[in-house]
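Notes for the one structure printed next.
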Amino acid sequence: MCSTERGRKDGQLGGKSKVSMLIEPMSHDQPLTREAILDAAEQTLRRYGPDKTSVVDVAKALQVSHGSLYRHFPSKAALREAVTERWLQRIADPLQKIADGTEGSATDRLRLWTDALIRAKRAYVLEDPEMFAMYTTVTLEAVKVIDTHVKLLIGQIAQIIDQGMFTGEFKPGQSESVAKAFFMATSLFHHPAHASQWTSKEIEADFDSVWALLLSGITKQ
């Protein structure tokens, strides 16, 4: 029996899993909110992993019936998508602040934005592997969630490029098209499918080469 399975069985025999010890149980007069369910789901996913976590596990962590959770999320897939969507928003929010910035050049903000995205994705691989594994799975299953996230990121890039075009720093053109091309060209460094390559000794030099090439294509000479 693997350690995860043993821990799971021990938690069930004791009447309360270790995950539930980390989450404040819902009182009878306390409404069950979407945020409370998502908080519990994250903790449970980190404990058991995305493949072994069920709606029942999340309900046990909150000490409520699993039927109560189904009133908010109709299926395990819907719950996983919602957790992933919130996780992705945590990545996007700090990036939006960079895109909204007005200090420095557009080139500096674009580099800061890109570096921040790459650091966030790499940090999750190393520090939150269970959530990253779920994100990787949902990437293949929940096309709408991922498309929305990608469009949001491309919109942030377009916002920075727009600023650069307005000030004359970047060549004139369709900022959304340029932003989409930029996002796709840098996907090796932030798309989960390439996570295994992020520990390569050449990855930083490879990014610098791609950055220099992209910058030469959009910057006015």
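This structure is a prediction, so every number in the text was calculated from the model and none was measured. Computed over heavy atoms, backbone and side chain alike; hydrogens, waters and symmetry mates excluded.
Taking the charged nitrogens against the carboxylate oxygens, Arg46 and Glu42 do have a contact shorter than 4.0 Å, which makes a salt bridge. Remark: Arg34 does not engage Asp39 in a salt bridge, criterion side-chain N to carboxylate O under 4.0 Å. Ion pairing between a basic and an acidic side chain is recognised when a charged N comes within 4.0 Å of a carboxylate O; Glu103 and Lys97 show no such pairing. Ion pairing between a basic and an acidic side chain is recognised when a charged N comes within 4.0 Å of a carboxylate O; Asp115 and Lys121 show no such pairing.
For the pair Phe183/His190, a side-chain contact is recorded, criterion being any heavy-atom separation below 4.5 Å from C-beta on. By the 4.5 Å heavy-atom criterion applied to side chains, Asp100 and Gln159 are counted as neighbours. The shortest side-chain heavy-atom distance between Leu110 and Ile98 does not fall under the 4.5 Å cut-off. For the pair Arg122 and Ile203, the minimum side-chain heavy-atom distance is below 4.5 Å. The closest side-chain heavy-atom distance from His66 to Lys60 is not below 4.5 Å. The side-chain heavy atoms of Trp211 and Phe189, taken from C-beta on, include no pair separated by under 4.5 Å.
Across all non-hydrogen atoms, the minimal contact from Pro172 to Lys220 is CD-CE, 3.9 Å. Minimum interatomic distance between Ala82 and Phe73 (heavy atoms only, all atoms of both residues): CB-CE2, 3.4 Å. Annotation for Leu38 and Val83: closest pair CD2-CG2, 3.7 Å, computed over non-hydrogen atoms. Nearest approach of Leu32 to Ser68, heavy atoms of both residues: CD2-CB, 3.7 Å.
Between the side chains of Glu35 and Thr33, no donor-acceptor pair is found at a separation under 3.5 Å. For Gln197 and Asp206, the side-chain atoms include no donor-acceptor pair closer than 3.5 Å. With hydrogens and angles left out, the side-chain atoms of Asp57 and Thr44 include no donor and acceptor closer than 3.5 Å. Side-chain N/O atoms of Glu169 and Thr107 include a donor and acceptor closer than 3.5 Å. With hydrogens and angles left out, the side-chain atoms of Asp108 and Ser105 include a donor and acceptor closer than 3.5 Å.
The side chain to side chain contact (heavy atoms under 4.5 Å, CB included) with Ile37 is formed by just one residue from the set Leu79, Val55, Val64; it is Leu79.
Both Leu215 and Leu188 are assigned to one and the same hydrophobic cluster, defined by single-linkage of ILVMFWY side chains at heavy-atom distances under 4.5 Å.
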